[in-house]
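Have a look at the structure below before the remarks.
Reminder, nothing fancy here: chain letters follow the sequence lines and each chain counts from 1. Just so it is clear, the values below take in all heavy atoms, side chains as well, and ignore hydrogens, waters and symmetry mates.
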Amino acid sequence: MLDLKFIRENVKKAKEGLKKKNSKVDLDEILKLDERRRELLKEVEVMKADRNRISKELGISKSKGEDISQKSAEMKAFSQKIKDIDFKVEETTQNINAIMLTVPNIPNEAVPVGSEANNKTVKEWEKKKNFNFKPLPHWELCEKLDMVDFKRASKISGAGFVVFKGKGALLERALINFMLDVHIREHGYKEVVPPFLVNEASMTGTGQLPNLKEDMYSVDKEGLYLIPTAEVPVTNLYAGEIFSEEDLPLYHVSFSACFRKEAGSYGKDTRGMKRVHQFDKVELVKFVLPEASYEEHEKLLGDAETILQKLGLHYRVRLLASGDMSFAAAKCYDIEVYSPGCNEYLEVSSCSNFEDFQARRANIRYRARDGKRAYVHTLNASGIALPRTFIAVLENCQTEDGKIAVPDVLRPYMGGLEYID
RNA sequence: GGAGAGGUGGCCGAGUGGCCGAAGGCGACGGUUUGCUAAACCGUUGUACGGGCUAAUACCCGUACCGGGGGUUCAAAUCCCCCCCUCUCCGCCA
């Protein structure tokens, strides 16, 4: 959420920022409501001051045994008037909040303005691997090696679900454990295993609600949502809390299944497992001091990259343009791994700095050494998303005779296995 | 799922209708004392919002806040209703 005071005092800046994000939100409407709310507040607070004063006097009179029935009757009417205005204040406040929750974050200065076409490749690691044969797409490899069962997955759950089997399941598990261990042991993250179902407040805190409701699975009877990423439970872990400055920065790493309806992308990436409704992901979440957040952002990107480097997978880093960033992000890098079987780059991580946008929604603050309170900055990155990493391993590590050469770093996690065949 | 107990400031804990933004304690901060540290003593110490005055998030005024929401009342931390959460016991159960 943006700071209403900031909007009030920097209307032009706010409008420009929102335009870069392609937001159609009407700031003038918010400002109008805000002004009305403040007028009502001013009016009702004076009345309340009167009420408090007279009530006190009545209490004293009564204790002296004086008759206060006449005054009481007057005050009853007065209190009702206050109640009426209070109701209007409340109504206006709710209107403002409802709109404010739909206002996206505004991009950082360093973000290129524009749409997807203006995304910039800022880094490439290694080169596309040369094959002296035609690399197969992962769905063919999966079928040949009996690693993933697409057919039975759709039988038991529907299209867009996968079942890992045998060495496929082992590889999936190995990747998860490998990633967790690297982040815990080498990058200083503390592991968290969160619930996969969260309430509406949590979904609102990180910015999935209200705008992305159609993309989420929910258990309506219980008022719960299936998490689309561990970012949601992990960030909201500290909702409503105040850190000490010494607690920061705080790094969490979390494995979770992720559930996404992928509404609006029907017909896209239907083959194989590039886009599925449930996938595994290792997520990195940081809580940091505002002045440190951009430095932390670069470090975070590096932490996610490490995984692909250790796996020996060629990738590129894209700095997203303002219009291609997610709702809550102020700056975002995508990491895209190369998939030779599909001949395309697949997004395996979004590495975002949300500044205080999520912290404001979820009310996550810190107490500075001088006693003042302020919102923390939150950041997160996939570290990294599984099915596409799984795809990249299969397609990049396939041999001419149809085996998968297990990357060195994964072998300890697979009982020393060298080849999947 | 059933029964009971509870939810008050950074923390502990008192408070059953007005004199309560809230005793007391701890902690923190400032000071006195001290060779240094500790102890002791004195003082200060919630947040948000609105307004005034501003260089100011400094100061002044007001309002709200005792788990959340509603109600009763001239007046609610306190009484009533609903909900959430925690703990204990019982039941069920991976």
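Ring centroids of A:Phe287 and A:Tyr238 are separated by less than 6.0 Å, placing the two rings close together. Within the 6.0 Å centre-distance limit, the rings of A:Phe327 and A:Phe357 are counted as a close aromatic pair.
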Ring pair (Phe, Tyr, Trp, His ring centres under 6.0 Å) assessment of A:His183 paired with A:Tyr251:
CA-CA 10 Å; A:His183 295 307; A:Tyr251 298 174; over 10 Å; no
Let me see the working for A:Tyr366 and A:Phe243 under ring pair (Phe, Tyr, Trp, His ring centres under 6.0 Å), right down to the final yes or no. CA-CA 4 Å; A:Tyr366 72 99; A:Phe243 290 108; 8.6 Å; no
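Between the CD atom of A:Glu246 and the P atom of B:G10 there is a distance of 16 Å, given to the nearest Å. As a whole-Å value, the separation of A:Ile82 CD1 from B:A76 P is 11 Å. Computed from coordinates, the A:Asn199 CG to B:G68 P distance equals 16 Å when rounded to whole Å. Following rounding to the nearest Å, A:Glu57 (CD) and B:C19 (C1') show an atom-to-atom distance of 14 Å. The separation between A:Glu74 atom CD and B:A75 atom C1' is 16 Å, rounded to whole Å. In this structure, NZ of A:Lys76 is placed 13 Å from P of B:G71, rounded to the nearest angstrom. The distance from atom CZ of A:Phe78 to atom C1' of B:A75 is 14 Å, rounded to the nearest whole Å. Separating the CG atom of A:Leu224 from the C1' atom of B:C84 is a distance of 13 Å, rounded to the nearest angstrom.
No hydrogens or angles considered: a donor-acceptor pair under 3.5 Å links the side chains of A:Ser339 and A:Glu395. Side chain to side chain, A:Thr102 and A:Asn211 fail the donor-acceptor criterion of an N or O pair below 3.5 Å. Side-chain contact check for A:Asn52 and A:Ser55: no donor-acceptor pair (N or O, by modelled atom type) lies under 3.5 Å. Side chain to side chain, A:Arg318 and A:Thr121 meet the donor-acceptor criterion of an N or O pair below 3.5 Å.
Between B:C61 and B:G7, the two C1' atoms lie 34 Å apart (nearest whole Å). Rounded to a whole angstrom, the distance from the P atom of B:A22 to that of B:A64 is 14 Å. Spacing of C1' atoms, B:A76 relative to B:C19, comes out at 15 Å, to the nearest Å. Taking the C1' atom of each, B:A14 and B:C26 are spaced 15 Å apart, rounded to whole Å. If you take atom C1' in B:C85 and the same atom in B:C93, they sit 23 Å apart, rounded to whole Å. Here, B:G25 and B:U8 have their C1' atoms 15 Å apart, quoted to the whole Å. Atom P of B:C65 sits at a distance of 23 Å from the matching atom of B:C12, rounded to the whole Å. Taking atom P on both nucleotides, B:C82 is separated from B:G24 by 37 Å, rounded to a whole Å.
Residue A:Lys56 is the one, among A:Lys56 and A:Lys71, whose nearest nucleotide of RNA chain B lies closer to the 5' end (criterion: closest heavy atom). Where A:Lys62 and A:Met75 each meet RNA chain B at their nearest nucleotide, the meeting point lying more 5' is that of A:Lys62.
A:Pro107 places none of its side-chain heavy atoms less than 4.5 Å from the side chain of A:Lys331.
Annotation: ring pair (Phe, Tyr, Trp, His ring centres under 6.0 Å) contacts of A:Tyr294 (sequence neighbours excluded): none.
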Writing each nucleotide of RNA chain B 5' to 3' as (, ), [, ], | or . by Watson-Crick or G-U pairing under 3.5 Å yields ((((((((.[[[..)..(.....]]]((((((.......))))))(((((((......))))))).[[[[[..)....]]]]])))))))....
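Taking only side-chain nitrogens and oxygens, A:Ser79 comes nearer than 4.0 Å to OP1 or OP2 of B:A75.
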Reading nucleotides 45-66 of chain B from 5' to 3' and marking B where a protein heavy atom lies under 4.0 Å of the base, S where only the sugar-phosphate is that close, and - otherwise, the string is -SS-SSS-----B----BSS--
